[in-house]
Colleague: 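Have a look at the structure that comes next, please.
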There are 2 protein chains.
Amino acid sequence: MKNETKKHDSNCLVAYGIDTFGDRWSFLVLRDMMLYGKCRYGEFLCCEEQIATNVLAQRLKHLEREGIISKARDPENRRSYIYSLTDKGLDLAPVLLEIIRWSSRHLEMNARRRRLLKRIETDRDGILADIRDGRAILTAP
Amino acid sequence: MKNETKKHDSNCLVAYGIDTFGDRWSFLVLRDMMLYGKCRYGEFLCCEEQIATNVLAQRLKHLEREGIISKARDPENRRSYIYSLTDKGLDLAPVLLEIIRWSSRHLEMNARRRRLLKRIETDRDGILADIRDGRAILTAP
DNA sequence: ATCATAACTTGCATAAAACAAGTTAATTTG
DNA sequence: CAAATTAACTTGTTTTATGCAAGTTATGAT
């Protein structure tokens with residue numbers, strides 16, 4: 001994940017996906033953006049899984065270089081930046097939703113999880129709209 | 001990926017998925033099973049991305065422990081084993097298909113890729129049946 | 001003017017991956 | 001049937017990536 005030339009340069013569609021967004025930390029950042037509406041460095045940093053700051057910085061650069069996210073100055077605070085999903089990044093929402101569906105089938109459920117699953121099954125478009133607009137789908141975990 | 005207690009033990013559905021199948025090599029093994037119908041150690045070993053033998057052995061154990069794949073003796077050859085997807089593993093097919101759809105939108109296409117994408121869009125059930133029965137969907141890459 | 005904060009960077013210890021070689025049991029070949 | 005081959009791994013070593021702690025820089029708040 002450090003070496004930035006596609007490590008093994010497979011010509012497979014699946015490998016391309018894995019290499020651009022499939023690393024554990026990259027994907028957890030994307031989850032934080034899509035599910036929790038996070039958009040700042042500091043927010044990603046205090047994710048439940050405790051990403052290290054150097055790794056976070058590197059993954060954000062990687063995702064930006066791959067065109068999955070973009071970085072813009074925060075107009076309200078000149079020392080802050082706002083990360084957001086590009087169209088390419090937004091297109092990953094269906095992958096995220098399928099992972100959630102899979103986990104829902106194979107992990108014990110609770111009310112919170114059931115609520116999320118139900119919304120995925122009954123209000124997919126609403127969810128996609130929320131993701132597109134950076135609105136949190138879940139409250140902080 | 002070595003430490004087998006879920007590394008960060010998140011209680012998030014997405015993190016559960018990532019930790020069980022989301023590692024690069026684990027997922028490439030699953031791709032080889034679902035897309036290319038591979039089922040033997042030696043077949044996984046000569047994948048396009050050149051997985052190292054120790055890593056492969058470890059990932060197969062991991063996937064087996066997680067209930068994604070199962071290992072059985074080959075009745076035809078007593079020094080060989082046959083790996084196959086469990087129901088839990090088969091349930092990952094939709095995730096794989098979404099990744100392929102995503103990559104198809106964002107990577108240049110060729111005839112082979114277009115053919116695969118078209119089949120995903122028009123014959124999803126056929127693909128799922130092929131995966132379930134261990135039939136290759138693509139010829140070797 | 002001083003302190004705090006956001007977003008990083010740097011350096012070092014540790015863990016995982018890549019690489020190369022070796023092992024074991026079953027099978028094929030001469 | 002002894003010798004070479006093959007399938008599925010293990011083991012040891014080097015290289016690379018991650019985790020952790022501390023430091024830096026440019027705002028911004030008090």
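So that the names make sense, note that chain A is the first sequence line, chain B the second, and so on, each numbered from 1. It should be emphasised that the depicted structure is a prediction, and the values quoted were computed from it without experimental measurement.
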Colleague: In this structure, how many angstroms lie between the P atom of C/dC19 and the CD1 atom of B/Ile51, rounded?
Modeller: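 Interatomic distance, CD1 of B/Ile51 to P of C/dC19: 12 Å.
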Colleague: Show the nearest heavy-atom pair for residues A/His62 and A/Asp19, with the distance to one decimal.
Modeller: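 Looking at all heavy atoms of both residues, the shortest contact is NE2-O, 3.4 Å.
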Colleague: Which part of the nucleic acid, if any, lies within reach of B/Thr53 when heavy atoms closer than 4.0 Å are counted: base, sugar-phosphate only, or nothing?
Modeller: base
Colleague: Tell me, with the steps shown, if B/Ile82 and B/Glu76 meet side-chain contact (heavy atoms from CB on, under 4.5 Å).
Modeller: CA-CA 10 Å; B/Ile82 289 180; B/Glu76 325 250 285; over 6 Å; no
Colleague: Under 4.0 Å between a side-chain N/O of A/Lys61 and OP1 or OP2 of C/dA7, yes or no?
Modeller: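 No, outside the criterion.
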Colleague: Can you measure from CG (A/Leu56) to OH (A/Tyr41) and round to the nearest 0.5 angstrom?
Modeller: 4.5 Å
Colleague: With sugar-phosphate meaning primed atoms plus P, OP1 and OP2, does A/Tyr83 contact a base, only sugar-phosphate, or nothing at under 4.0 Å between heavy atoms?
Modeller: sugar-phosphate
Colleague: In this structure, how many angstroms lie between the P atom of C/dA16 and the CG atom of B/Leu56, rounded?
Modeller: 18 Å
Colleague: What's the closest nucleotide to the B/Ala52 side chain, out of C/dT27, C/dA6, C/dC19?
Modeller: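 The answer is C/dC19.
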Colleague: Whole-Å distance between C/dA7 C1' and A/Asp74 CG?
Modeller: 12 Å
Colleague: Nearest whole Å is fine: how far is D/dT27 C1' from A/Arg40 CZ?
Modeller: 14 Å
Colleague: Between C/dT9, D/dG19, C/dA17, spot the one nearest the side chain of A/Ala57, thanks.
Modeller: C/dT9
Colleague: When all nucleic acid strands are considered with a 4.0 Å heavy-atom cut-off, which category describes B/Asn54: base, sugar-phosphate, or nothing?
Modeller: base
Colleague: Of all the choices, C/dA20, C/dT27, C/dG11, which nucleotide is nearest to the side chain of B/Arg78 once you look at every atom?
Modeller: C/dT27
Colleague: Of the listed nucleotides (C/dA6, D/dT18, D/dC9), which one gets closest to any side-chain atom of B/Tyr41?
Modeller: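 Comparing C/dA6, D/dT18, D/dC9 against the side chain of B/Tyr41, the answer is D/dC9.
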Colleague: Can you classify the ring geometry of B/Phe27 versus B/Phe21 as parallel (below 30°), tilted (30 to 60°) or perpendicular (above 60°)?
Modeller: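 Judged by the thresholds at 30° and 60°, the geometry between B/Phe27 and B/Phe21 is tilted.
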Colleague: Please state how far atom OH in A/Tyr81 lies from atom P in D/dG28, giving the value in whole angstrom units.
Modeller: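 So the two atoms are 11 Å apart, to the nearest Å.
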Colleague: Rounding to an integer number of Å, can you tell me how far A/Ile69 CD1 sits from C/dA7 P?
Modeller: 13 Å
Colleague: With a 4.0 Å limit, can you tell me whether B/Ser80 has a side-chain N or O closer than that to the phosphate oxygens OP1/OP2 of D/dA7?
Modeller: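 It does not, given that no N or O in the side chain of B/Ser80 lies less than 4.0 Å from OP1 or OP2 of D/dA7.
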Colleague: Run the numbers on A/Arg119 and A/Asp130 for side-chain contact (heavy atoms from CB on, under 4.5 Å), then give the verdict.
Modeller: CA-CA 12 Å; A/Arg119 184 153 183 231; A/Asp130 280 352; 3.0 Å; yes
Colleague: Whole-Å distance between D/dC9 P and B/Gln58 CD?
Modeller: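 Rounded to the whole Å, the gap is 13 Å.
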Colleague: Strictly below 4.0 Å: does B/Trp25 bring a side-chain N or O up to OP1 or OP2 of C/dA18?
Modeller: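 For C/dA18, OP1 or OP2 has a side-chain N or O of B/Trp25 closer than 4.0 Å.
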Colleague: Let me know the distance between CG of A/Leu60 and P of C/dT9, rounded to the nearest Å.
Modeller: 10 Å
Colleague: Here's a test of your reading of the structure: between A/Arg79 and B/Lys71, which maps to the more 5' nucleotide of DNA chain D?
Modeller: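 Final value for this comparison: B/Lys71.
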